[in-house]
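Each chain gets a letter, A, B and so on, in the order the sequences are listed, and its residues count up from 1. Remember, it's a predicted structure, so these values are computed and weren't measured experimentally.
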There are 2 protein chains.
Amino acid sequence: MELSNKQITVIFKALCDENRVQIFRILQHGELCACHLLEELHLSQPTLSHHMKVLCDSGLVVGRKEGKWMHYSISQEGAKVAMDCLKEITVVTENDCKCCNNQ
Amino acid sequence: MELSNKQITVIFKALCDENRVQIFRILQHGELCACHLLEELHLSQPTLSHHMKVLCDSGLVVGRKEGKWMHYSISQEGAKVAMDCLKEITVVTENDCKCCNNQ
DNA sequence: CACACACATAGAAAAAAGTCAATATGTTTT
DNA sequence: AAAACATATTGACTTTTTTCTATGTGTGTG
């Protein structure tokens with residue numbers, strides 16, 4: 001897939017804030033609209049809106065508009081991309097140390 | 001394993017900075033000491049040292065001291081923890097929307 | 001059509017993270 | 001023991017992120 005360093009940071013920023021991690025935990029019980037998420041978090045409405053944008057940008061969460069409500073859910077496709085990305089960036093192709101006093 | 005929200009953010013902070021992602025790419029070719037990492041990055045030595053600390057704190061990278069050199073490598077155990085964590089936080093237990101106009 | 005509701009956006013303030021120069025620490029070499 | 005080297009720490013500065021209040025936008029309702 002060849003994601004850029006920048007794109008990788010955007011994906012994993014989703015999980016770099018405690019409130020956002022908490023949002024994942026809540027969304028694990030199923031799709032939920034912003035107003036109900038708000039009830040379970042100690043955040044203002046604009047702050048939640050900001051976090052939902054970060055989450056959607058990462059691809060790990062998707063939003064679905066229905067009338068005046070926004071329904072959010074965890075994206076399994078996004079999760080797969082993140083998983084593949086994590087696997088790809090942590091795989092080691094060679095194990096020998098070609099460094100310093102190991103000449 | 002039951003990681004706290006805070007612990008999860010510490011793991012994934014490793015991948016939230018472009019320079020750190022680049023460090024992963026370099027370490028994929030094998031263990032390397034800080035001085036050689038430094039040659040490949042446009043960073044000052046103290047900044048690299050800072051990033052290596054963030055990476056080690058995440059568990060995704062491990063450092064091995066050998067004389068005056070610090071050798072860094074990607075930790076496969078750390079990668080597994082991160083993978084399990086990502087899987088755990090994105091799994092959805094129920095899919096029905098119990099929300100708003102879906103009463 | 002006016003009002004209420006759900007959510008997004010703008011702008012400002014505060015907190016956190018990234019960066020570097022200077023310096024400290026620990027290790028090897030001469 | 002002094003000098004040289006590799007890395008870590010400190011402290012200051014800059015940039016980014018988080019957060020809020022105020023306001024805007026779009027949708028449904030009386």
*Is there a side chain to side chain contact (heavy atoms under 4.5 Å, CB included) between B/Leu15 and B/Phe24 once you walk through the steps?*
CA-CA 9 Å; B/Leu15 294 163; B/Phe24 275 97; 3.8 Å; yes
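Side-chain atoms of A/Arg20 and B/Asn5 form no donor-acceptor pair, as typed in the model, at a separation below 3.5 Å.
Look at A/Ser44 and you'll find a side-chain N or O under 4.0 angstrom from OP1 or OP2 of D/dC20. OP1 or OP2 of D/dC20 has at least one side-chain nitrogen or oxygen of A/Thr47 nearer than 4.0 Å.
Closest to the side chain of A/Lys68, from the set C/dC7, D/dA6, C/dA6, is C/dA6. Considering only side-chain atoms of A/Asn19, the nucleotide from D/dA8, C/dA17, D/dT19 that sits closest is D/dT19. Comparing atom distances between the A/Pro46 side chain and each of D/dT7, D/dT21, D/dT19 picks out D/dT21 as nearest. Which of C/dA8, C/dC7, D/dT18 sits closest to the side chain of A/Asp17 comes down to D/dT18.
Atom NZ of B/Lys53 is separated from atom P of C/dG18 by 13 Å (rounded to the nearest Å). If you measure from atom CG of A/Leu38 to atom P of C/dC7, you get 8 Å, rounded to the nearest angstrom. Remark: P of C/dA17 and CG of B/Leu48 are 19 Å apart, rounded to the nearest angstrom. As a whole-Å value, the separation of B/His51 NE2 from C/dG18 P is 6 Å. For the pair B/Leu43 CG and D/dA8 P, the interatomic distance rounds to 14 Å; values are reported in whole Å. Rounded to a whole Å, the CZ atom of A/Arg20 is 9 Å from the P atom of D/dT17. Atoms CG (A/Leu41) and P (D/dC20) sit 11 Å apart, rounded to a whole Å. In this structure, B/Leu32 places its CG atom 14 Å from P of D/dA6, rounding to the nearest Å.
Mapped onto DNA chain C by nearest heavy atom, B/Lys65 and A/Met52 fall at different nucleotides, with A/Met52 at the one closer to the 5' end. Each of A/Val54 and B/His50 lies near DNA chain D, and the nucleotide nearest B/His50 is the one positioned closer to the 5' end.
What you find for A/Gly63 and A/Cys56 is that their closest heavy atoms are N-SG, 4.1 Å.
A/Leu60 places none of its side-chain heavy atoms less than 4.5 Å from the side chain of A/Ile74. Annotation: side chain of A/Ser49 is in contact with side chain of A/Gln45 (closest heavy-atom distance under 4.5 Å).
Taking 3.5 Å as the limit, the base of D/dA8 and the side chain of B/Gln45 contain a donor-acceptor pair of atoms between them.
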